[in-house]
Structure formats: C-alpha cells, structure tokens
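Everything below concerns the one structure shown next.
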Amino acid sequence: MTFPSPDSTPPRPSTPEARAFPTISLGLPSTAATRQGPARRMPSIEGSVLADRIYRLALLFFALCVPALLLLIFIEVGRAGWPALHEFGFRFLTSSTWDPVKGDFGAAPAIVGTLLTSFIALVIATPLALGAAIFLSEFSPSWLRQPVSFFIDLLAAVPSVVYGLWAVFFLLPLMRTGVMPFLRDTLHLGATPFFSGPAYGPSVLSAGMILAIMILPYIAAVSREVLLAVPRAQREAALALGATRWEAITGAVIPYARTGILGGVILGLGRALGETMAVTMVIGNRHEISASLFAPGYTMASLIANEFSEATTDIHISALMAVGFVLFVITLVVNGIARWMVSRMGAEVHA
Amino acid sequence: MAAAETVPMPDTSAPDAMVAMRCLALNAWFGTTHAVRDVTLDFPAHEVTAIIGPSGCGKSTLLRCLNRMHETVPLARVEGRVLFHGQDIYADGVDPIALRRHVGMVFQRPTPFPTMSIRDNVAAGLRAQPGVKLSAAAQDEVVGRAPREAALWDEVEGRLKESATGISGGQQQRLCIARALATSPHVLLLDEPTAALDPISTQKVEELVYELRKVMSVIIVTHNMQQAARVSDRTVFMLMGEMIEMAPTRKIFTTPTDPRTESYITGRFG
Amino acid sequence: MTSAASDHGAFSSPRARGLLRRRVVSVIMIVLTCVAAALAVVPLVVILAYLFKQGASALSFGFFTHMPKPVGEVGGGMANAILGTLILIGLAAAFGLPIGIGAGLYLAEHRGTRLANLVRFLADVLNGLPSIVMGIFAWQFLVKPFGHFSALAGGAALGAMMIPLVSRTTEEMVRTVPQALREAALALGYPRWRTSLQIVLRTALGGIVTGVLVAVARVAGETAPLLFTAFGNSFWSTNLRQPIAALPLQIFTYAISPYDDWHAQAWAGALVLIGLVLVISVTARFVTRARHGGGHG
Ligand SMILES: Nc1ncnc2c1ncn2[C@@H]1O[C@H](COP(=O)(O)OP(=O)(O)O)[C@@H](O)[C@H]1O
Ligand SMILES: [Mg+2]
C-alpha cells in the first residue's frame, strides 16, 4: 500500500479548479492513490491501528495486575500457611496454645484479641465520630467547620507508628494511673470480670482505645461528607412539619444518610482489624484469652509483627503465615459484607 | 468506481470530480435506535451544504458518518457506503485516522485543549500525525496561516503562548476551526458551530464559512434556517433519519418540492 | 415524639408540655453533639501538641545529617533513615504509579463492563488489605527466594499499597474530562492512544497528581510492610538489593527500646515523618486548588 507523506500534501490551491482532482489517499490502493505522484511508504494505517491495539492491551495488562496481585497474595500467603493449617486443622482457630518450642500452634487468643479490640474501638469511636460529624454538618458555625474538618482530615494521614509512639509515652501512663483505676475502683466496675485485675497499662483496653482514636477521623470524615450531601429540602421538609431540629436530624437526615455512614463505620472497622504498629506497641503481647480487658493480649497483626523476624522453625513461620491468611480472609469477609449491606440498603432507598 | 454502479445513485449525480462526498444507502444506528435511514446524496465539491431538520432527526449522526466519528460511540453501527473523492471510506484497510485529517470537524461547543497554548492548539492536528517530526518552520507556517484563515489572527496575534482557555467562547470556536484548517482538510464538517456563540461571533463564523468554499467543501449542520439561507449553496432537509429533500438553498427556501419540507420551513413543526 | 402524637389536635397543657419536652431533648442532643465533637478533637490535639513538644526538643540540625549512634552515646541522627524513606518512596512510585494510573485509565475507558466492575471491586478489596499481610506476602515472594531483605522488596510492597488509591483517583479524574475533548482529538486525527495520553490524561493531570501525593503520604508512614522486607539498616546504604533504613522502622525500634536517648530520637523522627507527610498533603491541597483556580472550559 502506498500513502502520501504529510509533507507531500499538495500545496494549498487558490482556485477551485486546482482542487478538482484531489490526490488523497486513505491508505487504499485505489485509483485515486495510483493517480498521485511519488508516494512513499508510511506506516500510517498499520501504525496507528497497531499502536492503539498495543495501548489497549497495555491498559488491560495494568488493570489485570490488580486481580493478579490479589490472587497472588491469596495463593502465596495461603500456600505458606498451609503446613500449619494442615497440621493443626480446625484446632488452629480454637486452641490457645502457642508454643514455638514444642511447635504447637493455636491462634484463638489473637483472633479473639483482634475482634475484641476492634469492637472496643467501634463502640468508643462511632458515637463520638457521628456526634462530631453531625455537629460539623448541622450546627457548627461555618468559620469553625473548615479548620476542624481540615484537622480531622490531617489526622487520618498520621502514620500509625506515630500513634503508637504517643500511646506508649502518653496513653499507657494515663491508662495505668487514671482511666483503669477510675473504671475499676471509682465506678466499682472491678466487681465484674471485665475490668478486674492489676492495671499495668499495656492491655486489650489500651489497644482498643488507641484504635478508637485512630479510626475516629475516618468515620467522622466519611459521615460528615455523607451528611453534607443530604439535600437541604430533606431537613426543611421535616422542620416545616413541626419537628425540632434534633427530630429533623434523626427523622429525616440520618435515614437518608445511613448507608453512607454505615460505609464509613465499616471502613473504620476494616482499618481497626488490620492495624498493626500502634496495637503492637500497647497491647502487651501475651498469648492468652482473658475475661479482663485490663489484661495484656495479642491481635493477629501484632502477633505477626512481633514474632515473624524471630521465627526460626518452618512450622512457626507457617503458623504466622496462617494467621496472616486468616486475617486476610476476615477482612475480605468484612469488606464483602459491607458492600453487600451498602448495595442492599441502596436498593431499599431507591425502591 | 465499478462497485458504485451496483448501488443507487443520487438524484443529483454529478461528475465524480465535482463530488466531495457521496453517501450511498447510508444507515446508522445507536444500538437499536435507527438514526440515519437509507440516505443517498452527494455533497458537491467547493460548495457549502447545509443540513437542516428538527432536533433529533439525525443531522449530527449523518455528519459523523462522514469522518467515521460515529463508530467511536459504543454500540454504534453503520451500513452502506460513503465515498470521499471516489474512495469508500468504510472499505477494509481505510485508516479512520488518516481520513479524519482530510475531513476536519468542528463541534457545537468550543473544545480547545485546556492544557495547550493557543499556538499548540493550532498545531495539534499536525503534531498528531504519526512518524512525522514537524519542523519548527513548518509549524510556524501553519500557526501563521490557519488563524488568519479562521479570521482569528488579529485577536490572538500577541497571545499565542497563552492558554487557549483564556479567550472568549467565540474566539475559542474560531480557534477550533483554525485547528481543523491547519491540516489542510478537503472537507470541513461543522456541527452547529454557532449554537453556543453570541451574535457577533456567529457573524464572524458565518463570514468565514462563506469564504472557505473557495478552498474546500463545507458541510454545516444548523438549527437555524436563516443561517442555512445565509451561508449555504445547497440545503439538505432531514426528518426522522431520512433525507427528505436536497436542493439549491434558494429553491428549498422558496419552492420546496416536498410538502414536509415546506411545513418545516414555514414553521409548522420542529 | 410519641407524646406529641397522642396529644394531637388540642391546645391542652399536656401538648404544650410535650412540645417543651421535645424542645429540651433537642437542645440537649445538640449540646451532646458539640461535646462529641470536642471529645473527638481533644485527643487529636493532645497527640499533635505532645508530638511537637517532645519532637522539637529532640530535633536538631544534626538529626538530618548524622548517622545513628550506639546506645549510650549522645546525639546522632537518622540521616540514613531519612534517605532510606525517600528511596523507598521513589521505588514505591516506580512500581505503583504505572499500574495504578494504567488501571485507572482502563477503568475510566471501560466503565460499566463486567471486567471493569470486577477490577474496581478488587481494587477496593486491595485497599482494605491489612498492611501486615502485604508485608508477609512481600517477604514470601520477594525476600525468601533471594535469601536476603532488600530495599526493592520494601519498595514493591509499598508500591502495591499505592495501586488502589492511585487507580481510583485516576479513574475519577479522567471521568471529569469532557467527552467532547476526546471527540475533538479523535476528529483531528489523533489515534486513540495519543488521545488518551496526550489529551485526556494531561487534562486530568492536576487531580491525578493530588491522588498520587495522597497515596505517597499514606505509604511514607507505613511500617508493617517494611518490617520483613526493607528490614532497616543502621548503616548508610543506598544499595537496592540490601536492607535499607526507613524512618517509620527506626521510630518503631527506638520507641520500644528501653533507652531514653533513643526515645528522644524516636520523637524527633516522628516529627520529621509527620513533617514529611504534612508537606506532601499540603502540596496535594495546593495542587488541587491551583487546578480548580486555573479553570478550563
Ligand atoms: N450517543 C447516542 N446514543 C444513543 N442514541 C443517540 C446518541 N446520539 C444520538 N442518538 C439518537 O440518535 C438520533 C439522532 O440524533 P442526532 O443525530 O444527534 O440528531 P440531531 O443532530 O439532528 O439533533 C436521536 O434519536 C438521538 O436520540
Ligand atoms: Mg446534533
């Protein structure tokens, strides 16, 4: 095939007659193309079509990297954890023994610790974050809204090791000398098994506290955005019907926004489940299930962070990999449930 | 052009050399929407042809079939043939990208590239050509020529390096015309080019269209019948995807053949 | 609300009392949200104030230029860790940006297809992946086979964590580029790939840079993925195949050590790390604002 090179484009004619027989090639070996003068080969057709195809494939490749990476993580971590999962079977999830010397591993305390600390964090953070979000979106004077929002956004970007550092030197002493004695003695909660025992500082409760502080900005930021997105008419309609300002919020604004708020809460839960550094620094790292929140414990993430570099036997490494695999699966399920709930509630709203 | 004999020929068939673009039994769909129905017609070379018709009658779609822009829409489909100076642009092996450099297009809203200067916008079409490193002199030549042809030069002469988004809407639209003229197309397709412009800018673009016929063929879609009457040599009237009538503009606005054309022109629908 | 409903239709005093009660409840709840906002902000203020107090007193010019000193010797700095973190960020960007941006472009240009929906969902899943899991995966995949920790493995782990954020912002930003601009480029004879890269991507660049900076700020402070990959290094090393120091790792090591000197160093390191993250975040905001301020048609 022959193509005109762009620089052989005929000079611009000044009269209609001069352009009566245009010499144009669209890449076809047509009569018009044969009529034209010296034509040079140019990769115009194949060139651009091929380049487009390559580009398309490159984008597809990059897009497929995401599933491939996830699959690879699933397979590699699963494969590495398989010896332990295979050897200990279901007992791996239920047993509290974690004995690297004898090579006997059960991850129950870490699993319970993960769920417990995340639960504490949600219980503390959700009402505060929601209250803060409602304040910011509904009642805050506008001069306050911007700086407080900016501040909350910034805190979502503070690295977890910095939270951990602060917790070690500020939160733990505060827990030891203030919060824990207050809960146990002043409020007489020490009578229950949950708040009994000595107050050392490093504990499941402290881990829950630092997690609460860490996920609070996430939940608050998402909820605030969602609340601000609720149409004004929604509030005004409720107020016009005689609702008080608070009733307008609980009756008209929150129902409208609950899907998004729930999304924010679940996002926070996901963070809490997988959070590693800060928890490792304050939870006390003891492989035991205790009824008391004052007792030290472990989470799956902190167990891995703490023991992985010291693990020498293959089965110990495999057990830690298996813990990572279980953590992966739990976060997968949490994310899946969150998405399912959100889409279901979304459908409800539209119905 | 042996194949051309097997399909219906347009009523106003002229010698090939006088025809810029010829549609033969052209049909176009968006999914199941049949937007252009069996259109057969000639666009004469070095004339301005206006396409009029009520909104949604398929004017834009017909226009976009002429430079193969229609196929860039997902689920879009074309049947029939379009000859560009005798060559079927839908034949195998035709590169739509090469075609689009010969058949320029300007849209309803100005679309200057926001990341480029005025100068770079003008040269954009030339730079897009594969395998060609345009010399600075050639670029300067084009940047000096195209904005003059688009009646824009006086207004942008000193600000060629400024962002293309800093000029007025009318200037942006003429910049888009200059950008299309830079590749020296043989046909220029204009899809309601003045719909978003003020009257003064509109007048400038109309004068420009009138001048352009000296060097190329122009096909202009317009909503505005006065505009068609002012700038075009011929007018095509479309209705619900079909071409109803094509005639010299004077004739279509004075003595249309088809009663539907007359209804439209006298304002009975559309 | 219930009492109001039962008193419906009469100007009786119970109704007035109900209204009063509802008003009081409303005011109390509004005050409570103020309290919640204050309670939410207070610990955060305390953290930052404490960090600045502790960090500033430990921070000196030497911190940026000196190497860590052994226990017992006063002074020293984290020059190697600061350099290491910058190198790791660079590696992460080199691994994560092409994939993240490429995947984002794919998502934007194939919206609504089943594969795009799947990739978007999995990107969300990847975003929720605990960073420690990324760490052990990178160890298993990039450290164990080679027999030694390396900066490359750490950078790859961080890069993988950038992918979901970068691809989602790229998709969002590319979607804001008007279709008309794409059509204009195609109509000028731009091939699709050049339309996509030179027109669409370039127009969306401001927003994408913001997203990239946010992602960088996020991985700059990540520790867990580095524990078993970059591992840390108390010496000056720029060898990508060797373990490399990183600020978060150093902070962690020093924080859990029993030495006061090291604690002070940890605070100084935390302040520098926060400073780095803040600079990146504020730059991101600035880029966003400049883009919106610039405004294009
Ligand atoms: N992108 C599209 N997808 C689906 N249908 C379309 C699209 N663009 C146009 N159509 C339909 O095709 C028909 C012709 O449209 P168009 O050519 O744009 O009309 P006109 O330009 O004459 O107003 C209309 O019925 C319109 O609804
Ligand atoms: Mg139209």
Side-chain angles (χ1 to χ4, degrees), chain A residues 48 51-52 55 58-60 62-63 65-67 69-70 73 76-77 80 127-129 131-132 134-136 139 148 151 154-155 157-166 168-170 213 216 220 244-247 270 273-274 276-277 281 301 304-305 308-309 320-321 324 327-328 331-332 335, chain C residues 1 22-23 25-26 29-30 32-34 36-37 39-41 43-44 47 50-51 98-99 102-103 105-107 118-119 122-126 128-133 136-137 140-141 160 163 167 191-193 196 217-218 221 223-224 227-228 248 251-252 255-256 266-267 270 273-274 277 281:
Chain A
S48 60
D52 275 354
Y55 180 69
L59 288 194
L60 181 65
F62 287 133
C65 279
V66 173
L69 178 63
L70 211 55
I73 296 173
E76 281 289 313
V77 176
L128 287 180
I134 291 175
F135 173 75
L136 282 178
F139 307 124
V148 173
F151 189 64
L154 272 188
L155 280 148
V158 171
S160 82
V161 72
V162 174
Y163 278 108
L165 181 68
W166 175 79
V168 167
F169 293 101
F170 190 93
I213 293 172
L216 205 156
T244 62
R245 287 180 78 182
W246 180 250
E247 285 163 2
L273 287 172
T276 310
M277 302 319 295
M281 293 161 89
I304 300 170
F308 198 84
S309 8
L320 290 169
M321 284 285 182
L327 177 59
F328 184 16
T331 51
L332 259 182
N335 278 340
Chain C
M1 263 185 125
R22 287 166 51 208
R23 287 236 170 100
V25 167
S26 180
M29 292 313 291
I30 290 171
L32 278 182
T33 67
C34 298
L39 277 179
V41 171
L44 308 174
I47 289 176
Y50 198 72
L51 171 67
I99 299 179
L105 275 171
Y106 181 88
L107 290 179
L118 180 74
V119 169
L122 293 180
D124 282 349
V125 171
L126 194 59
L129 183 83
S131 54
I132 189 81
V133 174
I136 54 173
F137 161 71
Q140 173 76 15
F141 196 63
I163 292 174
S167 66
R192 276 184 183 271
W193 70 274
S196 184
R218 188 175 140 191
T223 318
L227 286 171
F228 327 120
I251 295 168
F252 177 59
I256 59 173
W267 282 110
L273 185 59
I274 284 278
V277 170
S281 305

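Reminder, nothing fancy here: chain letters follow the sequence lines and each chain counts from 1.
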- Under 3.5 Å: donor-acceptor pair, side chain of T331(A), backbone of L129(C): no

- Note on the structure: If one checks every heavy atom of A129(A) against chain C at 4.5 Å, the contacting part turns out to be neither

- So which heavy atom on S26(C) is nearest to which on R245(A), and how close? OG-N, 3.7 Å

- Item | Largest heavy-atom contact set with chain A, pairs under 4.5 Å, which of S167(C), A224(C), S281(C) | A224(C)

- Given that the side chain runs from C-beta out, which part of A220(A) has a heavy atom under 4.5 Å from chain C: side chain, backbone, both or neither? neither

- So, the part of S196(C) with a heavy atom under 4.5 Å from chain A: the answer is both

- Message: Evaluate T276(A) against S131(C) for side chain to side chain contact (heavy atoms under 4.5 Å, CB included), listing each step before the verdict.
- Response: CA-CA 8 Å; T276(A) 310; S131(C) 54; 4.3 Å; yes

- Query: Side chain, backbone, both or neither: which part of F169(A) has a heavy atom under 4.5 Å from chain C?
  - Reply: both

- Message: Under 4.5 Å from any heavy atom of chain C, what part of L155(A) do you find: side chain, backbone, both or neither?
- Response: side chain

- V66(A) versus V119(C), closest heavy-atom pair with distance: CG1-O, 4.0 Å

- Message: I'd like to check V158(A) versus V277(C) (side-chain heavy atoms, cut-off strictly below 4.5 Å). Are they in contact?
- Response: no

- Note on the structure: Looking only at P67(A), G274(A), P159(A), most heavy-atom pairs under 4.5 Å shared with chain C are made by P159(A)

- Query: Just wondering, do V133(C) and L327(A) contact through their side chains at under 4.5 Å, heavy atoms?
  - Reply: yes

- Query: Is there side-chain contact between M281(A) and F252(C), with heavy atoms separated by less than 4.5 Å?
  - Reply: yes

- Residue set satisfying ring-ring contact (aromatic ring centres under 6.0 Å, His included) with F137(C), at least two apart, ordered chain then number -> F141(C)

- Query: Can you tell me how far CD1 of I136(C) sits from CE of M321(A), rounded to the nearest 0.5 angstrom?
  - Reply: 5.0 Å

- Under 4.5 Å to a heavy atom of chain C? For L60(A) that would be both

- Closest non-hydrogen atom pair, D52(A) against P191(C): OD1-CB, 3.7 Å

- Looking at CG of L69(A) and CG of L122(C), how far apart are the two atoms once the value is rounded to the nearest 0.5 Å? 10.5 Å

- Item | Under 4.5 Å from a heavy atom of chain A, the part of L44(C) involved | both

- Item | Most contacts with chain C, counted as non-hydrogen pairs under 4.5 angstrom, among W166(A), F151(A), F139(A), F135(A) | W166(A)

- Please determine, among L70(A), I134(A), V77(A), L136(A), the option with the most heavy-atom pairs under 4.5 Å with chain C. L70(A)

- Message: At a 4.5 Å cut-off on heavy atoms, which part of I274(C) comes close to chain A: side chain, backbone, both, or neither?
- Response: side chain

- Task: List for me each residue that meets ring-ring contact (aromatic ring centres under 6.0 Å, His included) alongside F62(A), sequence neighbours excluded, and say none if there are none.
- Result: none

- Query: Of the backbone (N, CA, C, O) and the side chain (C-beta and beyond), which part of I30(C) lies under 4.5 Å from a heavy atom of chain A, both, or neither?
  - Reply: both

- Of all heavy-atom pairs between T33(C) and W246(A), which one has the smallest distance, and what is that distance? CG2-CZ3, 3.8 Å

- Query: If we only count heavy atoms from C-beta on, is the T244(A) to V25(C) side-chain gap below 4.5 Å?
  - Reply: no

- Which heavy atom of G221(C) sits nearest a heavy atom of V161(A), and at what distance? O-CG1, 4.4 Å

- Message: For G131(A) versus A36(C), what's the shortest heavy-atom pair and its separation?
- Response: CA-CB, 3.7 Å

- Message: For L227(C), which atoms come within 4.5 Å of any heavy atom of chain A: side chain, backbone, both, or neither?
- Response: side chain

- Note on the structure: Okay, R192(C) and chain A: the region with an atom under 4.5 Å from a heavy atom over there is both

- Considering only heavy atoms, which portion of I73(A) lies under 4.5 Å from any heavy atom of chain C: side chain, backbone, both, or neither? both

- Note on the structure: Of the listed P43(C), P98(C), A217(C), the one with the largest count of heavy-atom pairs under 4.5 Å with chain A is P98(C)

- With side chains defined as the heavy atoms from C-beta onward, is the minimum distance between I47(C) and I213(A) less than 4.5 Å? yes

- Task: Please flag which part of L165(A) lies under 4.5 Å from any non-hydrogen atom of chain C: side chain, backbone, both or neither.
- Result: both

